[in-house]
Amino acid sequence: MCGIVGIIGCHDISTELIKMLHGLEYRGYDSSGIAINLHGNFQIYKKAGPLSILKKEIAGITLKGRSGIGHTRWATHGAPTDTNAHPFLSSKSSVTVVHNGIIENYKALRDKLSDNDYIMESETDSEVIAHLIELFTIHNPDWTFNSLVAYLSTTLKGAYALLIQFADKPNEIYGLRFECPLAYVITTKTVAISSDIASLITYDRNINILRDRQAVHLSLEKEELINFDSTEVDKLHVNVDWDIKAAEKSGYDYFLRKEIDEQSNSVRALKSALIESAGKINSFIKNTNPDSVIFIACGSASYSGVFASVFARQLELKQTVSWEIGSEFRYNPPIINEKTLVIGMSQSGETADTVTALRYAKSKNAKVISVINVVGSTISMIGDLTINLSAGPEVAVPSTKAVINQFIASMFFIEVLRTQDQDSLNKWLSTIDDLAVAIKQVIAMEDSIKSYAKLLAGHQNMFIVGRGLDYPISLEGALKLKETAYIHAESMYAGEFKHGSISLIEYGMPVLILLGDKSVALKTIINAEEVATRGGQLFIIDSLEGEKFDFSSEVNYIKLPHIKNPFNLITQIVALQLLAYHAGLHRNINVDRPRNLAKSVTVE
Ligand code: M6R
C-alpha cells in the first residue's frame, strides 16, 4: 500500500510528480502530497483525499525546482488527514521523506526523538524517519551514503520503501527498499524512482529494480547502488514490453470494465507464456517429485488454489493438493519439507502476507513456484521458479484479468502433475482459444446481466452457492460483489445451506446458484429448490452443455455458452464480474477504487 515517487531533472516538476502519482493511485487514495526542492528550500503540498484534490490545491501555483518526491497513501497509522499525509519534513527543514510500509518500532523511536526535543506533528509511524535522519546527520556531520543506510537499516523495524531528499542536496534522491517495492530509471535528462514500473515507463523501458535490502543514491551524474550489508551488488534490470496505453482508460469509463474486456486477449497471452515455460515447469515438478502441493495466496488469488485442490481430487492425483491463506500460514503451518511444492499466487507480487508465508515455506526447504503478474516484484524473486501470468497491467482494485489467469495457471499446474506428456499439455492449453471466444460471448450478454445486476443492487445481502468446482467460483463471485458493489455476498457450499444459513432465507432474498460442475449439478439444483420453496429469489449462472434446467418457480437465468470442462467454469467468473460491475454502478460506487482498499497490500 502507499505509492512513492521521486524525480530529478524536469522543468515542470509538480506536473511530473502528479503524473507519476496518478499511475500509483491504485496503491492507496486516502491522501497525496509532493515536496519540491527549490534551491535548498522544500515546498510541500499535501491534502487528504484522492490526488484530484491535491491537483486542485496546486493549480495556478507556479512551482519551480528541478527535483522532488511524492506520495499517495493508504492509511494505517493515523486518519487520512492533511497532517498525516506524506511527505514529512524534519523539524529543522533539512530532510523530506516519503514512506511505503509500516515502521513497527515507531513508538520507541518517537520517545527517542522527544528526548531530543523533537515534536511530532502527525499520528503516523512514518514521520519519525525524517526527524531521525536529521538527528543522525547532526550527530554525524561526515555521514556518507553507506553510513546513512547502515543507520536506517539497523534502526527501523518493519517494512519500508523510502525516498529521502536533503535540502542541501537539491539534485539527489536516496531510496531504500526493505520488503516494499522500488524501481528506477536513468536517462540523459531525467532520473525517476517509484514504487511501480507503471509510472516509470514514460521515461524509459529499461527499468532498474532494487532487490530487497538494497539502497540507491541517485543524481543526474551518479548512480550508486549498495546492499544494506555492504556485500557485492547483484543488479536487476528488466525491459518492459507493454505500452503505457495498456495502463490507460482508452475511452472506457472505468479501468474495471476495460480490464474485463481485455480478458479474451490476456488468457491468450497466458497460453503463450505457459507454452513457453511448460518444459521448465515440467522438469521442475519432475525434479521436485512432490508428495504434496500447497497453493498459498490471499483474497481472490487464493481461490485459484481452492479450485486447484478440488480439480486435483476430481482427477484423482496421487499428491495431496491443498490451499492456504497467506496471513494464516506462518502462524498455523502444515507439515512442510523438501518434498512439498508450494505455489505462491499473487498478481502484484508484493502481498506481504503471501511474501512472509513463502519465505517461511522456503525456510522449511519447500520448493517454491512464484506466479506473479509484475516482473521484478518481491514474490518473483522468492520462487525457485517464477511464472508470469502475462495479464498485462491491471489498474482497477477489483482484480479481473489477473484472477482469471491465476485460475488457469492453477489448473495447468494440476494438469502437469497429472501428465508430464508435452503433447497432452499443449492440447489442454489449446482450449484456451475456445475460452477466449467464450469470454467475448459472455461479455456480449452484458445487457441481460446488467438487468439482473439492477435487481441485486437493491439488496444488501445475498448468497452465492455451488458444489465441487463451482464452490471456488462462488468465493470469487462473492468477493467481487463485496468489494465492487458493497453487497454482503456470502459464498456457501450448496449442501451446507440446510445446516444453518437457510434460516436467513426470507421472501425475496437473492441466492445465486452456480451450475458449472456437471458431476454435482443435479444435487445443487435440489438445494436451489429448497431455497426457492422458502421464498428465496433464485439467480442461476449455468455454463453446462445442453438446455436450461427447469425450476419449480421463476428464476433469473443466465445461460452461458458451453466450452470444455473445466474451462466453462472460468466463463462464470466473467459473468460474475459483470454482475458486480453493474451492481456497483447502480450503487454509485467508484468501482475502480472501492473504499478502504488498495491494490497492492504490502502490510501484514
Ligand atoms: O496482488 P495479489 O494477487 O497478491 O492480491 C491478493 C488480494 O489482495 C487480491 O486478490 C484482492 O482480494 C483483490 N482486491 C480481489 O479483487
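Whatever order the structure lists ligands and atoms in, that order sets their numbers, starting from 1.
For the residue pair Q577 / Q263, a side-chain donor-acceptor distance below 3.5 Å is found, with atom types taken as modelled. Side-chain contact check for Y471 and D517: no donor-acceptor pair (N or O, by modelled atom type) lies under 3.5 Å.
T400 and L256 make their closest contact through CG2-CD1, 3.5 Å (heavy atoms, listed as atom of the first residue, atom of the second, distance).
For atom 5 (O) of ligand 1, the closest non-hydrogen atom of the protein is T351 OG1, 3.5 Å. For atom 1 (O) of ligand 1, the nearest non-hydrogen atom of the protein is S348 OG, 2.7 Å. The shortest contact between atom 8 (O) of ligand 1 and any protein heavy atom is with V601 CG2, 4.1 Å. Distance from atom 6 (C) of ligand 1 to its nearest protein heavy atom, with residue and atom name: C298 O, 3.2 Å. Residue, atom and distance of the protein heavy atom nearest to atom 11 (C) of ligand 1 are S300 N, 4.1 Å. From the protein, the heavy atom lying nearest to atom 14 (N) of ligand 1 is E483 OE1, 2.7 Å. Regarding atom 3 (O) of ligand 1, its nearest protein heavy-atom neighbour is Q347 N, 2.7 Å.
Side-chain contact between V374 and S380 is absent, with no heavy atoms from C-beta onward closer than 4.5 Å.
Stacking of R213 on the aromatic ring of F178 is not recorded, the 6.0 Å distance cut-off and the 45° axial limit not both being met. Cation-pi geometry between R177 and Y160 is not met: the NZ or CZ atom fails to fall both under 6.0 Å from the ring centre and inside 45° of the normal.
Annotation: T354 places no N or O atom under 3.5 Å from an N or O atom of ligand 1; distance criterion only.
Salt-bridge annotation for R257 and D253: absent, with no side-chain N of the basic residue lying under 4.0 Å from a carboxylate O of the acidic one.
Distances below 4.0 Å separate heavy atoms of V397 from the following atoms of ligand 1: 14 (N), 16 (O). Within ligand 1, the atoms closer than 4.0 Å to a non-hydrogen atom of L479 are 12 (O), numbered from 1 in the order shown. Close approach to S346 involves these atoms of ligand 1, each under 4.0 Å from a residue heavy atom: 1 (O), 2 (P), 3 (O), 4 (O). Listed by number with element, the atoms of ligand 1 under 4.0 angstrom from any heavy atom of K480 are 15 (C), 16 (O). For ligand 1 and P398, the ligand atoms under 4.0 Å from any heavy atom of the residue are 16 (O). Taking every heavy atom of S399 and a limit of under 4.0 angstrom, the matching atoms of ligand 1 come to 15 (C), 16 (O). Remark: ligand 1 atoms within the under-4.0 Å shell around heavy atoms of G299 are 12 (O). Interface of A301 with ligand 1, defined as ligand atoms under 4.0 Å from a residue heavy atom, comprises 3 (O), 10 (O).
Under the 6.0 Å cut-off for aromatic ring centres, F567 and W428 qualify, their centroids lying closer than that.
Atom NZ of K454 sits in a sparse spot, with 12 or fewer heavy atoms from other residues, nucleotides or ligands closer than 6.0 Å.
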**Request:** Run the numbers on K401 and E262 for salt bridge (Lys or Arg N to Asp or Glu O under 4.0 Å), then give the verdict.
**Result:** CA-CA 7 Å; K401 54 182 184 166; E262 284 170 350; 2.7 Å; yes
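Between F497 and F463, the two ring planes are perpendicular [angle over 60°; tilted spans 30° to 60°].
Residue contact check for ligand 1: Q406 places a non-hydrogen atom closer than 4.0 Å to it.
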